[in-house]
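Report on one structure; see the data block that follows.
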Amino acid sequence: MIRVQREDFDVGAELEALTKGNPRIGGVASFIGLVRDMGGSDRVTALTLEHYPGMTEKKLAEIEAEANKRWPLDASLIIHRYGRLEPGDRIVLVATASPHREAALAACHFLIDWLKTDAPFWKSEETPEGKRWVEKRAEDDAATQRWTIKS
Amino acid sequence: MIRVQREDFDVGAELEALTKGNPRIGGVASFIGLVRDMGGSDRVTALTLEHYPGMTEKKLAEIEAEANKRWPLDASLIIHRYGRLEPGDRIVLVATASPHREAALAACHFLIDWLKTDAPFWKSEETPEGKRWVEKRAEDDAATQRWTIKS
Amino acid sequence: MHLLYFAWLRAKIGTAEEELALPSQVHDVKSLLDWLKTRGPNYAEALKDLGTVRVAVNQDYVGPEHRVRDGDEIAIFPPVTGG
Amino acid sequence: MHLLYFAWLRAKIGTAEEELALPSQVHDVKSLLDWLKTRGPNYAEALKDLGTVRVAVNQDYVGPEHRVRDGDEIAIFPPVTGG
């Protein structure tokens, strides 16, 4: 399941709902991304996430479908927020449930790596020095590349 | 932080507490292990977890310290339950928080792999055919071996 | 064609979207970007380094050779930074 | 020495713990296990396949050559299956 929303989410309730009524599930892996403030001269006082409505949902659904093709998952969830967020606020939740922990852990890692490079979101930060657009990190591309199946 | 307890735990509250007041944290990875019932002739109606009080806490603390040595974590948590549990019940929660998602994800994976092979817990299952002790899985040893630093 | 701009590309061009008729010299993504640059200094500035420009046609990422047609939804934006 | 047994080893031996004086022929884990096997058919049966037996001395995993002393806390159990 995927959701793109402005509102915060309840991690405990979301993870509980993911496995509810399915006693085959042995493990749930999850990742929560938070707005961070590195302090010092790089202080981030707020973050604004802009996205491409329509394409965002399409890409997240494709990434989720790919994870379900690669690993035997019983359930998966991606929630990504947009709008203005402050340090400590949740940005994203990725969760995967499987009978086997390796599948859940690998699929969760895959999903967060891929959505970093494929989901059309853009961050701008507010700092004491003004507003600035967040630049892409080369490490993110490298992380996604790891999952590329060599043909 | 480590906790060995009979009682259930509140995943949402535990993850929230892990990052509270630390805006440096950018990512929280977690893994929840659940009692599973594979259905069919292998039906598990309940599970009892026995442990070695004293050594359990010692081993979990050592594994947590090792993860903190290998990755730059701002917080980590292992909660492992013992006693009688039913399908769908939570057994274990592992969570790691770091400024960087790769550290949190890798450390979480490491912790669950290691506690599977190093923490002195033993499972017995109740099935329609009677009670049986769960046998060690060779895959678990292999999973832990991956983390061994070659010297 | 319907054009959409995001993030700093939107800010530099000064608009989030616009409806334009497909000019005769535009047949693929590359020729579309070349033509857009001639529309004013804001476009020229926004599109001067194509290494930092990504394009999606009908909500799929495409390369410079991808064909564009009238009626397409064409989005132009910097590398994504979500998650 | 204080001996602890867990899981099916505890069930087969029939006790969870016992306090025993260290016999003169026992100096390491291997000789301890050999001696325990002579204490009765329940011990012999529980310890017949040492490939499925793990030992911790003073709450650390040890191998067969590890020295044992009176006053040690020695736990004997099958491979762990937690998590």
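In what follows, every chain begins at residue 1, and chains take the letters A, B, ... in the order their sequences are listed.
The closest side-chain heavy-atom distance from Glu126(B) to Thr48(B) is below 4.5 Å. Between Thr56(B) and Leu60(B), some side-chain heavy-atom pair lies under the 4.5 Å cut-off.
The choice from Gly21(B), Gly27(B), Gly12(B) that makes the most heavy-atom pairs within less than 4.5 Å of chain A is Gly27(B). For the set Glu14(A), Arg90(A), Glu86(A), the count of heavy-atom pairs under 4.5 angstrom toward chain B peaks at Arg90(A). In terms of heavy-atom pairs under 4.5 angstrom with chain A, the leader among Val11(B), Ile25(B), Ile91(B) is Ile25(B). With respect to chain A, the highest number of heavy-atom pairs below 4.5 Å among Leu15(B), Asp89(B), Val28(B) belongs to Val28(B).
Within residues 92-104 of chain B, the residues having any heavy atom under 4.5 Å from a heavy atom of chain A are, by residue number, Pro99(B), His100(B), Arg101(B), Glu102(B). Contacts between residues 73-81 of chain B and chain A, counted as heavy-atom pairs separated by less than 4.5 Å, involve no residue at all. Inspection of non-hydrogen atoms places Ile112(B), Asp113(B), Lys116(B) of residues 110-125 of chain B under 4.5 Å from chain A. Of residues 29-36 of chain B, those residues lying under 4.5 Å from chain A by any heavy-atom pair are Ala29(B), Ser30(B), Phe31(B), Ile32(B), Gly33(B), Leu34(B), Val35(B), Arg36(B).
Looking at Glu16(A), the atoms closer than 4.5 Å to chain B (heavy atoms on both sides) all sit in the side chain, from C-beta outward.
In Gln5(B), the CD atom is crowded: over 12 heavy atoms of neighbouring residues, nucleotides or ligands sit closer than 6.0 Å. Environment of CD in Glu135(A): sparse, with no more than 12 heavy atoms of neighbouring residues, nucleotides or ligands closer than 6.0 Å.
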